[in-house]
Each structure stands twice: as C-alpha cells, then as structure tokens.
Amino acid sequence: MSINPTTEESDAGTYSFADIEAKWLPVWEKLDTFTPVDDGSRERRYVLDMFPYPSGDLHMGHAEAFAMGDVVARYWRQLGYDVLHPIGWDSFGLPAENAAIKHNAHPSEWTYANIDTQAASFKRYAISADWSRRLHTSDPEYYRWTQWLFLRFFEKGLAYRKDHPVNWCPKDQTVLANEQVVNGACERCGSPVTKKSLNQWYFRITEYADRLLEDMEPLAGHWPERVLAMQRNWIGRSEGAHVTFTIEADGDLPAADVTVFTTRPDTLHGATFFVVAADADLAADLVTPEHASALADYRESVNALSDIERQSTEREKTGVFTGRYAVNPLNGEKLPVWAADYVLADYGTGAIMAVPAHDQRDLDFARAFNLPVRMVVDTGEEDPALTGKATTGEGTLVNSGELNGLGKEQAIQRAIELVSEQGTGERTVNYRLRDWLLSRQRFWGTPIPIIHCPSCGEVPVPDEQLPVRLPSNLRGEDLAPKGTSPLAAATDWVNVECPQCSGPATRDTDTMDTFVDSSWYYLRFVDPESTEAPFDSQKVNEWLPVGQYVGGVEHAILHLLYSRFFTKVLFDLGLVNFTEPFAALLNQGQVLNGGKAMSKSLGNGVNLGEQLDRYGVDAIRLTMVFASPPEDDVDWADVSPSGSAKFLARAWRLGADVVSEPGVDPASGDRSLRSVTHRTLADAADLLKNNKFNVVIAKVMELVNATRKAIDSGAGGADPAVREAAEATAVILSLFAPYTAEDLWERLGHPASVAAAGWPAVDESLLVQDTVTAVVQVQGKVRDRLEVPADISEDELRELALGTAQVQRTLAGRDIRTVIVRAPKLVNIVPA
RNA sequence: GCCCCAGUAGCCCAAUGGCAGAGGCAGGAGACUUAAAAUCUUCACAGUGUGGGUUCGAGUCCCACCUGGGGCACCA
C-alpha cells in the first residue's frame, strides 16, 4: 500500500487517497445528499459551526472545528433525522478594508475572492453542508435585514445614542465594545486602548442582564461549564443596596444627595469616609473652590494614565479631598468626601462609602491618607487598623447601634430594612455588564439605517427603502481611517431628504459592529432567500434552537452573549418562540504546534493545504478528531497523520477481502465477530451522544483489527459476519473519513452514498455474553477470578467465591464480616 | 485576590465507584522479502501530581495543597 498521492498505477489493492477524492467529489455534487427535505416527515435537527471569516484560505483551526461539526451532522443523518447543516461567511470586517487600502481596491474584491477560495476548500474537505443556503453577511440581501432588525430594536428603545467616554483604538481608528478590549488592549490589533468621549450607538443589553443570567440554568450540562462561568463573570451580578448620603451645603454650594452602591450595608457604621470617582462629573460638581485646582490637577494625572496602568492592582492609592462632607444616614456621622481613581465612574453609581476595616481597597486608601479605621464586624481576627488586612468574612456586628450582635447576613438584611424605613436606601442588584457599543467608524460594515434631520432628529430609514447600501464609489485610500467614518466622504450618499419632513438631512455615517451581523445569521439559514422578512418565524421555530453549535472558546463572551441577547429581544418582539439560540455548545480546542498556538512570528505554522496534499483529507480529518477529546487542544507535533492514513488504508483493504454478496443474512455468521460489531455500534452510539469522538475512532480501530483477524485466521472472508463488520466499519467511518468510507462502501457492492446508509440496528442479543469473568476480592484486593454464567445469581456467586482455595487461604480461618456481591462481575469478601 | 478546567506509560489518550489499559504514536522482536518499503503477528513500559478523608472497594466522590492552562479583577 502507499499513501503517496502520485502512485501511478492504482490497482484494486492500493489505497490512493488522491484517486478516491477525485472520484467521489463530483458524484456527491450530483447526489445532493445534504439538503434537508424540510417537510416535517422526519424529526428536524440543526447543527451549526460558527461561520468563518474569509481571511485567506482555511487553516488548521477551521479543519478541526468543521471536522467536529461534521461528525455530528453526519451521525444525525445516519440516525435518520432531517439535518440542517448550513454554511456561510461572516464577511464584513476590518481585514478586508485594510487590504483594500493597501491594494487600492474595494473590500468586496478581497472578501469575495477569499470566500470562493474557502468554499472550494470546504468542498474538498467534504463538509456535509447544504450549499443551497449559503449566505454572506456583506450581501445587501443579508444586511438589509440586519438594518431591519436594528430598526426594530430602535423602535423598542433598545438601540439608542449617548455621549460617553468610549474605548478607542488609535491604530484601527475606531471605537470598541467593552467585550473587544482585552487587558486594556484592542482585541484585534493589540494596541493600547484609550478613552475618548463620543456620541455613539448602543444596544441596551444591560436591560437583559438578569435574563441572560437566569436563562443559563437549563444550558448547564449542554454548554461547557467554563463558558457559562465566563458569561456569569462578565455579567457580574452583585446583590446589595443603594444608600443615599446627603452632602452638606458648603458656602455657595448647595446640599446634594449622592447614592452609593454597596454589597455590605451591614458595615454602614464602619464607614469613615466617602469616595467619588475622580473622573466623574460628580467630583467636579462637589468640590469646593478651595480644593478645585488640586482636583483639576489630579484629574489630569488620572487621565494621563493608560487603562493598563490604571488597572494595575499594585498601584499606590491616590486621591484628593473635595472639601465636602457626607452625612451617614444611619448614624448622622460626617464623612469627608474624597475623589480617587480607585472608584470607577462606570460601575455602580460612581461613588462609595468607604469601610476601611472590611474592604482592602478602602483600607489601603485610609492608611495612605491617615483616615480612621473602625471595625464593625468582629470576625475573631486581629484589628485591621493594626494589621493592614481588611477582614471580610463572617462575624458579629459591633460598634453598630442596633445592629450589634447580629451575624453578617442578618445584619445586611436588617440594615436594608433600616434604610428602607428611612427612605434613604433600598435593596438593589448591580451588574458589571455595560451596554453594547455598536457603532464603528469604518467602511466595511452594515450602514446604520438612521437619517439625522435638523428638525426631526433621528429618523429611521423606512423599511421599504432598505437596504441602505454602501456607496460603491469609495475604494483604496478613500477608506483609510481618519477617526470619522469614511462614509462621510461620500457626500452624494450622505446628503438625503428627511423621510419625515423632506427637508435636507444626512445619513448616519457609522457602520455596525460586525458582531451585529453574526448575532442572527443562524436564523437566516433557515430561510436565506426570503425577501419578505429576515426569516420565516414558523420555519425558524421548527428548526431552532440549534441542536449542536460548534466553535472556539474565544467567543465565550462576545458572539455567544450577543446572540443570546438578540434571541431574547426577538422573542419579546414575537418573532421567535424560544429564548436561547443554542441548546448545546461544543468548544473545540485549538490546534497547536510544539505546545504553542501557530503564529507567523513563531514560525510554527502548519499549512492545511499542504497537509491535505500530503496525507489526504480523510487522514487529516481523522487525525483532528482522534487526537484528543474535542474540547482539548491538539498539538500537531504530537499526532500522526501518517498513522491515520495507515489505518484508513487498513480499513479500506477489508473491502477486497469480503467475498460474500451484499444482502447476505449475517445471522449465520461468526458469533464472536458479530458480537464485536454490535458492541462497537452500541458503544459508538453512546460515545457519540457524549461527544467522545476520539473514543469512537478507537472502537472502530478495534473493529477493523477484529475483522482483519477473522479474515486472516478466523472465519474467513466468506463469512457473512465479515461483511457485516466491514459494512459497519464503512458507516461509522463515514462520520470521520467520508471519502474512504464511500469507496469502501462501493467495494462492498453498495451504491452511493454511505452517508445515507443509516445507522445499523444493534442486535441486543449479541451484546450479551454467555460467561463472564468474575473477580473475587478479599478486602478490595483481587485474589481469584472465576468464569461464571452471565446470569448467575448473587447467592450462587457468593457460594462459589467463598469456596475457592485462594479465598480460603487468604482468609486463613478469619471470620467474615460481610460479603459484597455484584453479580456477575465481582465479589468482595470483608473479613472481621 | 476570586472563579473555571486539567494532571494516568517516553508521547497523545481510554477506563457507569468494582481486575489501571481500549486505541494510537514512538520503540523492540518475528513472519513475508535477495534486501528494503509496505503488510501481517507479537512484546515491553505506569499504579493515576502530593497529603488527608469517605467507602467493603477511589484514577473516579469530598477537603487541602502543588503544577499547568483559561477567565475576571481597585467591580465597592
């Protein structure tokens, strides 16, 4: 055998992946096996891989992810479900624009050329997709509906504009959502992100914070725990109270009420000072004239810090006194009001009551500025004022008026009651999640379908005028980032009549974050040609939620959170009847090389095309799936595509040795091989259900080994059991190695396609063994083994075990305390 | 600092609380061959990161720790 694709003669005994690939690809094109019938005659199942971004050709990561998704799609088809497994492209985005600037071209040229390249590669890779549903988010036919959905959000008040300090990437010259800032740097290019105050569009995702959190419950067990944990973390729910402090009047400055958020209202009596975020307007409003210049200087120094510096936890505490005092509503104490950058303008209310004894940050600040520390919860630990370590645990309230003597939890409840009675506070829940900033100052995205009219304000583009197409006359340098959208330069495009008053007006020149495009594409796949609506709700309700979603963990928060949000809004709009888009999620691992992610700078990249040329599509697919459990990383340095190719050839060769006719009754075949076949089918079904694809491949390897042995030194190639085993091999292999499986299937005398052969029925009677080996333990240690009938009773087995010489010798006359019997496999004798 | 995940043979990995080993890679031996490749057969190697606990019995469950990976983080 040879795994060399250039083998010149290809006789019946030589496995040539290149020949097999060339042979079957056109046959499959004609068969159209992967378009769902979609008539309700079979149960519908939807399996989806996160759609690719068209950045050049497919890479090793695509090869892994799509191999996994295809296993599920192909398995579900074998089980007889009507399977929807579509493919499309997330085709708006920066790289296309940057390429266009560089080559003085239009982004669409680069984008659609790459899509064609990737599509051809996907076909070669034998992804069992329904190509008739192919979509691209940059097609006007698609983004028309992205705009339509935006307008529905706008009508509901879920899309709005506000002035706000935003994350700004100085390199890409655009704003970024919080989710796109990683450790203070741009997720895309790595540049340190700065803050800029701009008027921008937002989606009100915070309104859905609670539902995004609660609706994760039923996903447990179907989504990876770490993804759920990351989303929980990101949403950052915390329960506590709002408490309002009055800032006393000072000279010309009037009194003011300022509310704080605290998770520890029980420690109200321990507040010894008050802090407002230095960069919030509130600080400037409160400061007395005497302290104003110090605050201004301080604010300047704070603004000069990058996010990365500011987020360092090692920093010394800094701040300035505002000259004002806040009155504690519970005990009337006057607390000095400070402005400091350790309080965030963006979180909670941008102001806090500082309880240095029981909060480390407050304690650090108190020690830096010699402010008092008062312990109000006795945790049994040393006084934080002395140790410098705040105590945050359980304890008994002290120095706290009527809260004294209560435990922490009781005191929290009681304190909330007290401020509620006073009207100075209430129970509340606070979230870390911010609204989703969706405007981008870039060209290659979905235009925001809003017209700005000097007299009517923000006017939605009427639905019948959608799509608002991108202007076609901009290219090359016209697209270079300038800090404002390049669309502004297309004056013909920008200047329009106001749809309401017909006066002169201008289009919004920002485009949408591409994550908006990808937040609903899984719905469009159900009905991709529709010109009436983004999708047919009835059809969507029939197909969704997606039964199995497959993609990388890098989208644990971004795409998955946004899509969940979109689905909930669409539910509220009555457009879908479910609230979670993805019932099950599989995060495939990364493909590494030598322990590290592949990268140009490390020079450890592996080219997918070269691997396919060298080992064949099936060997690469099999290697990806066999290497480890799907969610684990695959280190390409640790795996053996040539080993996979060898196995495939071995499986394929079975075809030549099966000499019985198709359709022969296997009942008369060799029983032990039949047992292996049916055991393999049963185990594989179980393993596939649990995404243990790597183990399924190990099982089919065993089946191939057993079949080879039966042919060479057992029942022989004419035995019907050998045919049965080879056919089962072809069907199981069809999930992982479609070309080899198809060719084997043909060699076994069947017409194409094995993909539609159906999962063989398991004969339960073949799974039962006549006799099994029972293990006899004394005190957990194995002392003997017995061949016993599989249906032996507990009593019989106990008697047998107690009677063995080994057991008698080990017991050496000791009394028996108890005997554990798990018929027919185990007996454990426990001596007294 | 908080949260999540993982540590089994030289390597990748299996193992409903019940004999630690299914499969593969790399390695050794044999058959076939003039020889090699390919093919077929066969062999060896760990007591499951560490320390406790629960149990008749723990790789598996619980606690603590160590190591590695990931997420969040002056989030009140």
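We name chains A, B, ... by the order of the sequence lines, and we start the count at 1 in each one. Heavy atoms only: backbone and side chains are in, while hydrogens, waters and symmetry mates are out.
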When only distance counts, do a donor and an acceptor, one from the side chain of [X] and one from the base of [N], lie under 3.5 Å apart?
X	N	result
A:R226	B:C5	no
A:N828	B:C56	yes
A:K825	B:C19	no
A:Q360	B:G1	no

Distance check: side-chain N/O of [X] vs OP1/OP2 of [N], anything under 4.0 Å?
X	N	result
A:N587	B:C5	no
A:R432	B:A73	yes
A:K692	B:A15	yes
A:S238	B:A76	yes
A:K699	B:G24	no

Sort out the partner of B:U67 for me: Watson-Crick or G-U wobble, both distances under 3.5 Å, none otherwise. B:A6

Sort out the partner of B:U54 for me: Watson-Crick or G-U wobble, both distances under 3.5 Å, none otherwise. none

Minimum side-chain heavy-atom gap [X]-[Y] below 4.5 Å:
X	Y	answer
A:I732	A:K699	no
A:P384	A:M375	yes
A:T267	A:M353	yes

Rounding to a whole Å, what distance do you find between [X]:[atom1] and [N]:[atom2]?
X	N	atom1	atom2	value
A:N593	B:C12	CG	P	15 Å
A:L826	B:A58	CG	P	12 Å
A:K689	B:U16	NZ	P	14 Å
A:D683	B:A15	CG	P	11 Å
A:F647	B:C40	CZ	P	11 Å
A:Q231	B:G70	CD	P	20 Å
A:L228	B:C5	CG	C1'	13 Å
A:L433	B:C72	CG	P	13 Å

Heavy-atom nearest pair, A:G270 first then A:P356, reads O-CD, 3.9 Å

Test applied, side chain to side chain donor-acceptor pair (under 3.5 Å); reference residue, A:D346; option that passes from A:H164, A:R432, A:R434: A:H164

Taking the C1' atom of each, how far is B:A73 from B:C3, in whole Å? 11 Å

Rounded C1' spacing from B:C5 to B:G49 in Å: 16 Å

Between A:I829 and A:E225, name the one whose nearest nucleotide on RNA chain B is closer to the 5' end. A:E225

Counting the atoms with a prime plus P, OP1 and OP2 as sugar-phosphate, which does A:F365 contact under 4.0 Å by heavy atoms, base, sugar-phosphate, or nothing? nothing

